[in-house]
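Input: a single structure, listed below in structure tokens.
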Amino acid sequence: MKYQSRKKAIVLLADGTIFYGKAVGREGTAFGEVCFNTGMTGYQEIFTDPSYYGQLMVTTNAHIGNYGTNEEEVESDSIKIAGLIVKNFSYEFSRVLADSSLQDFLEKHNLLAISDVDTRALVSYIRDNGAMNALISTEIDDIDALKKKLAAVPDMNGLELASKVSTEKPYFFGDPNATYKISALDIGIKKNILRNLANCDAYIKVFPYNASFEEMNEWEPDGYFLSNGPGDPEPLTEAIATAQEIIKRDLPLFGICLGHQVIALANGISTYKMHNGHRGINHPVKNLVTGKGEITSQNHGFAINREETEKHEDLEITHVHLNDHTVAGIKMKSKNCFSVQYHPEASPGPNDSIYLFEQFINNIKNAKQK
């Protein structure tokens, strides 16, 4: 079988550290920021999540590919990660709902993946030394040449990536006869967010990452949504300006992940690159309003400044991450605006956070009644 004589491969980190493995399928070299996800399931959703654009994904679960893939279990129209690093890659799969193997899925999307890597050691190294640029390669005869190529890869800090994954033209999602109309800014939107909004009796018009408030408002929506997405939020000046206009007019606004960071920036709160980010499906969050805990799905390498948020006279911290006390949710005291850093649509709890979509719809209802 073709996987019995696989080519040697490496993971080369920006600081020169090397981990060894073997090619899963195609040969070549891929670059990106190396990060890890602790989820035991959901690998197909991870690989197609636009928030992971430009990243080399390390999966901490020992076996990847064992339940195959399904065409319906995607968050976008293509794989968004730059490359995949795993311990044990399963070429065979066993699941009634699967329609192909993970290997076929990766080959279809031309993704470079390597296995047989000591992922426990690699993840431990990232945790200690922080997320950094890296490459995976089967072209290992000239390590010095690879190091030079890696040195030319731009750092994630300050990198604008929303334009790489956003829609080029507006499009509609849901039932045109739904009760509510929502304008959504696509800075890396996941399909399941759109499904959840549609399930709340909403018809959504999705706009490109650089759409102005005037463009989004022309449709006369009942509410506005800012999506998740990849990269540093600070370069998204157009999205920040759009958020400021929505907030100024006190229109219903909800943001998730990158959208949460954009809302913070629109209020003058700075953001920063985290040491290694939050990526997994078991992150504990406390809702400070209700006192309840939530098991959440998270995927972000940037966060908003907690000290500045606490001092802001018009912002209230509504959710905190219980592992490191970073801000996981905010709302404005005088405006119809709130956001969370995590992903309620991913439903790892499974339904701990689904109320957030209902909260958004209730905010729209109350605004319409006024």
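Treat the numbers as computed from the prediction; the structure is a model and nothing was measured.
When hydrophobic residues (I, L, V, M, F, W, Y) are linked wherever their side-chain heavy atoms come within less than 4.5 Å, the members clustered with Ile10 are Leu12, Ile18, Tyr20, Phe31, Leu135, Ile140, Ile143, Leu146, Leu150, Val153. Taking a 4.5 Å side-chain heavy-atom cut-off between Ile, Leu, Val, Met, Phe, Trp and Tyr, the cluster of Phe93 contains only that residue. Val289 forms part of no hydrophobic cluster, judged by ILVMFWY side-chain heavy-atom separations under 4.5 Å. Think of Ile361 as one node in a network of Ile, Leu, Val, Met, Phe, Trp and Tyr side chains linked at under 4.5 Å; its network also takes in Tyr171, Phe173, Tyr180, Ile182, Ile189, Ile193, Leu194, Leu197, Ile204, Val206, Phe225, Phe254, Ile256, Val285, Phe338, Val340, Tyr342, Ile354, Tyr355, Leu356, Phe357, Phe360, Ile364.
Annotation: side chain of Phe19 is not in contact with side chain of Thr119 (no heavy-atom distance under 4.5 Å). Looking at heavy atoms from C-beta onward, Arg249 lies in side-chain contact with Phe213 at the 4.5 angstrom threshold. Contact of the Leu112 side chain with the Leu84 side chain is not registered, since no non-hydrogen atoms from C-beta on lie closer than 4.5 Å. The side-chain heavy atoms of Asn192 and Glu75, taken from C-beta on, include a pair separated by under 4.5 Å. Contact of the Asn299 side chain with the Asn228 side chain is not registered, since no non-hydrogen atoms from C-beta on lie closer than 4.5 Å. Residues Val34 and Gln55 fail the side-chain proximity criterion, which asks for heavy atoms closer than 4.5 Å. Proximity of Leu258 to Phe302: side-chain heavy atoms (C-beta onward) are nowhere separated by under 4.5 Å. Put simply, the side chain of Lys22 does not reach to within 4.5 Å of the side chain of Ile114, judged on heavy atoms.
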- Check the pair Lys7 / Glu27 against salt bridge (Lys or Arg N to Asp or Glu O under 4.0 Å), numbers first and verdict last. CA-CA 8 Å; Lys7 194 165 184 177; Glu27 300 175 7; 3.4 Å; yes
- Message: Checking Leu226 against Ile263 for the side-chain contact (heavy atoms from CB on, under 4.5 Å) test, could you report, in this order, the C-alpha distance in whole Å, the side-chain angles of both residues, the deciding distance, and whether it holds?
- Response: CA-CA 8 Å; Leu226 304 183; Ile263 287 173; 3.7 Å; yes
- For side-chain contact (heavy atoms from CB on, under 4.5 Å), just list the numbers for Asn66 and Ser94, CA-CA rounded to whole Å, side-chain angles, deciding distance to a tenth of an Å, and then say yes or no. CA-CA 6 Å; Asn66 50 310; Ser94 176; over 6 Å; no
- Show your reasoning for whether side-chain contact (heavy atoms from CB on, under 4.5 Å) applies to Leu288 and His319. CA-CA 6 Å; Leu288 300 180; His319 301 75; 6.0 Å; no
- Item | Residues Ser78, Lys80; criterion side chain to side chain donor-acceptor pair (under 3.5 Å); working and verdict | CA-CA 6 Å; Ser78 65; Lys80 293 300 190 292; 2.9 Å; yes
- Worked check of side-chain contact (heavy atoms from CB on, under 4.5 Å) between Tyr43 and Leu102: CA-CA 9 Å; Tyr43 54 72; Leu102 180 57; 4.0 Å; yes
- Task: Walk me through it: do Thr69 and Gln44 pass the test side chain to side chain donor-acceptor pair (under 3.5 Å)?
- Result: CA-CA 7 Å; Thr69 62; Gln44 189 178 348; 4.6 Å; no
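One N or O on the side chain of Thr60 and one on the backbone of Asn37 form a donor-acceptor pair closer than 3.5 Å. Under a 3.5 Å cut-off, the side chain of Ser51 and the backbone N or O of Gly229 do form a donor-acceptor pair. Side-chain atoms of Ser115 never come within 3.5 Å of backbone atoms of Asn88 as a donor-acceptor pair (strictly under, hydrogens ignored). Gln341 places no side-chain N or O within 3.5 Å of a backbone atom of Gly329 that could act as its donor or acceptor partner. Asp104 contributes no side-chain N or O that, together with a main-chain N or O of Ser100, makes up a donor-acceptor pair within less than 3.5 Å. Between the side chain of His321 and the backbone N or O of Asn323, at least one donor-acceptor pair lies under 3.5 Å. Looking at Asp314, its side chain does come within 3.5 Å of a backbone N or O of Ser334 through a donor-acceptor pair. Formation of a donor-acceptor pair under 3.5 Å by the Asp15 side chain with backbone atoms of Thr17 is found in this model. Side-chain atoms of Tyr125 do not come within 3.5 Å of backbone N or O of Arg120 as any donor-acceptor pair. Between the side chain of Ser297 and the backbone N or O of Ala346 there is no donor-acceptor pair closer than 3.5 Å.
Linking Ile, Leu, Val, Met, Phe, Trp and Tyr whenever their side-chain heavy atoms come within less than 4.5 Å puts Ile269 and Met332 in one cluster. Linking ILVMFWY side-chain heavy atoms closer than 4.5 Å, directly or via other members, places Ile46 and Leu111 in a single hydrophobic cluster. Taking hydrophobic clusters as Ile, Leu, Val, Met, Phe, Trp and Tyr residues chained together by side-chain heavy-atom distances below 4.5 Å, Leu315 shares a cluster with Val320. Under the 4.5 Å side-chain contact rule for hydrophobic residues, Phe105 and Leu56 do not share a cluster. Hydrophobic clustering places Leu185 together with Ile240 (ILVMFWY residues linked when any side-chain heavy atoms are closer than 4.5 Å, directly or through intermediates).
The pair Arg95-Glu73 meets the salt-bridge criterion, since a charged nitrogen lies less than 4.0 angstrom from a carboxylate oxygen.
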Considering only distance and modelled atom types, tabulate donor-acceptor pairs under 3.5 Å from the side chains of residues 273-280, sequence neighbours left out.
residue	atom	partner	partner atom	Å
Lys273	NZ	Glu33	OE2	2.8
His275	NE2	Arg127	O	3.0
His275	NE2	Asp128	O	3.4
His275	NE2	Gly130	N	3.3
His278	ND1	Gln298	OE1	3.2
His278	ND1	His300	NE2	3.1
His278	NE2	Asp324	OD2	2.7
Arg279	NH1	Asn276	O	3.0

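Counted within 6.0 Å of CZ on Arg26, heavy atoms from surrounding residues, nucleotides or ligands total more than 12; the atom is thus considered enclosed. Shown here is Asp142, whose CG atom has more than 12 heavy atoms of other residues, nucleotides or ligands within 6.0 Å.
Applying the side-chain hydrogen bond (donor to acceptor under 3.5 Å, both in side chains) rule to Lys365 yields no partners; only residues at least two apart in sequence or on another chain are considered. Under the salt bridge (Lys or Arg N to Asp or Glu O under 4.0 Å) criterion, Asp116 pairs with Arg6, not counting sequence neighbours. Taking the salt bridge (Lys or Arg N to Asp or Glu O under 4.0 Å) definition, one finds that Lys248 meets it with Glu245, sequence neighbours left out.
Pairs passing the salt bridge (Lys or Arg N to Asp or Glu O under 4.0 Å) check and including a residue from residues 200-224, sequence neighbours excluded, read Asp222-Lys368. Within the structure, every pair that satisfies the salt bridge (Lys or Arg N to Asp or Glu O under 4.0 Å) test and touches residues 331-354, not counting sequence neighbours, is listed here: Lys190-Glu345, Glu316-Lys331. Listed by first and then second residue, the salt bridge (Lys or Arg N to Asp or Glu O under 4.0 Å) pairs that reach into residues 292-308 are Arg306-Glu310, Glu307-Lys311, sequence neighbours excluded. For residues 166-176, no pair satisfies salt bridge (Lys or Arg N to Asp or Glu O under 4.0 Å), with sequence neighbours left out.
Centroid-to-centroid, the aromatic rings of Tyr224 and Trp219 stay 6.0 Å apart or farther.
Taking each heavy atom of His260 and Ser339 in turn, the nearest pair found is ND1-OG, 2.7 Å. Closest of all the heavy-atom pairs between Asn61 and His63 is ND2-O, 3.0 Å. Between Leu159 and Pro235 the shortest heavy-atom distance is C-CG, 4.3 Å.
One distance of note links OG1 of Thr48 with NZ of Lys191; it measures 8.5 Å at 0.5 Å rounding.
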